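Position 1 is the first residue of the sequence, and the numbers go up from there. Remember, predicted model here, so these are calculated numbers, not experimental data.
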Amino acid sequence: TQIELSGFAVAQDSLIFDLPTAVGSVTLNALNGTQGVVAQVDGISNSTVISFGPDASGGDLVTLTLVGVSDLSLVNVSVI
């Protein structure tokens, strides 16, 4: 499952992830590499790809692409 989100404004918007361990409000940079979340900046397309691993059936990779976002430290995330 691949979702592409354009128009994400880092100064105004935030993400909410329901993960195994609630950690409250963090940046995507701080969350990167924990709880199965991997985020990478694609400098060529000026976007950030967030991977959550394979879906429940073990098939497709679940990803969220933030178009126009290239700094993980500016993306606010609430982990519930």
Side-chain angles (χ1 to χ4, degrees):
T1 304
Q2 299 177 343
I3 301 167
E4 190 171 283
L5 180 63
S6 57
F8 185 86
V10 293
Q12 301 166 344
D13 297 329
S14 65
L15 300 171
I16 299 173
F17 296 155
D18 187 358
L19 298 175
T21 303
V23 294
S25 296
V26 295
T27 64
L28 185 55
N29 194 47
L31 188 61
N32 189 19
T34 64
Q35 300 195 59
V37 175
V38 178
Q40 290 183 296
V41 172
D42 182 346
I44 294 172
S45 67
N46 190 35
S47 62
T48 295
V49 178
I50 307 164
S51 173
F52 300 95
D55 63 16
S57 65
D60 294 332
L61 191 63
V62 178
T63 63
L64 170 63
T65 301
L66 302 177
V67 177
V69 177
S70 59
D71 188 343
L72 302 179
S73 67
L74 298 178
V75 179
N76 293 311
V77 180
S78 293
V79 180
I80 57 172

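Applying the ring pair (Phe, Tyr, Trp, His ring centres under 6.0 Å) test to pairs two or more places apart or on separate chains, none has a residue in residues 56-75. Applying the ring pair (Phe, Tyr, Trp, His ring centres under 6.0 Å) definition to pairs two or more places apart or across chains, none involves residues 58-80. Listed by first and then second residue, the side-chain hydrogen bond (donor to acceptor under 3.5 Å, both in side chains) pairs that reach into residues 71-80 are D71-S73, sequence neighbours excluded. Among residues at least two apart or in separate chains, there is no ring pair (Phe, Tyr, Trp, His ring centres under 6.0 Å) pair with a member in residues 20-49.
Annotation: side-chain hydrogen bond (donor to acceptor under 3.5 Å, both in side chains) contacts of D55 (sequence neighbours excluded): S57. Among residues two or more places apart in sequence or in another chain, the side-chain contact (heavy atoms from CB on, under 4.5 Å) test is passed with Q40 by none.
Taking hydrophobic clusters as Ile, Leu, Val, Met, Phe, Trp and Tyr residues chained together by side-chain heavy-atom distances below 4.5 Å, I80 does not share a cluster with V75. Linking Ile, Leu, Val, Met, Phe, Trp and Tyr whenever their side-chain heavy atoms come within less than 4.5 Å puts I3 and L72 in one cluster. Connection of L5 to L74 is established within a shared hydrophobic cluster, with ILVMFWY side chains joined at heavy-atom distances below 4.5 Å, either directly or through further cluster members.
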Could you list the donor-acceptor pairs under 3.5 angstrom formed by side chains in residues 27-34, with sequence neighbours left out?
residue	atom	partner	partner atom	Å
T27	OG1	A30	N	3.2
N32	OD1	A39	N	2.7
N32	ND2	A39	O	3.2
T34	OG1	L31	O	2.7

Compile the donor-acceptor pairs under 3.5 Å between side chains in residues 43-52 and protein atoms, sequence neighbours left out, one pair per line.
residue	atom	partner	partner atom	Å
S45	OG	D42	OD2	3.1
S45	OG	S47	OG	2.7
N46	OD1	S70	OG	3.2
T48	OG1	V69	O	2.6
S51	OG	G53	N	3.4

Donor-acceptor contacts, no H, no angles, side chain residues 11-25, under 3.5 Å, sequence neighbours left out:
residue	atom	partner	partner atom	Å
D13	OD2	A9	N	2.8

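Annotation for P54 and L61: closest pair N-CD1, 4.0 Å, computed over non-hydrogen atoms.
Separating the OG1 atom in T63 from the CD atom in Q2 is a distance of 4.0 Å, to the nearest 0.5 Å.
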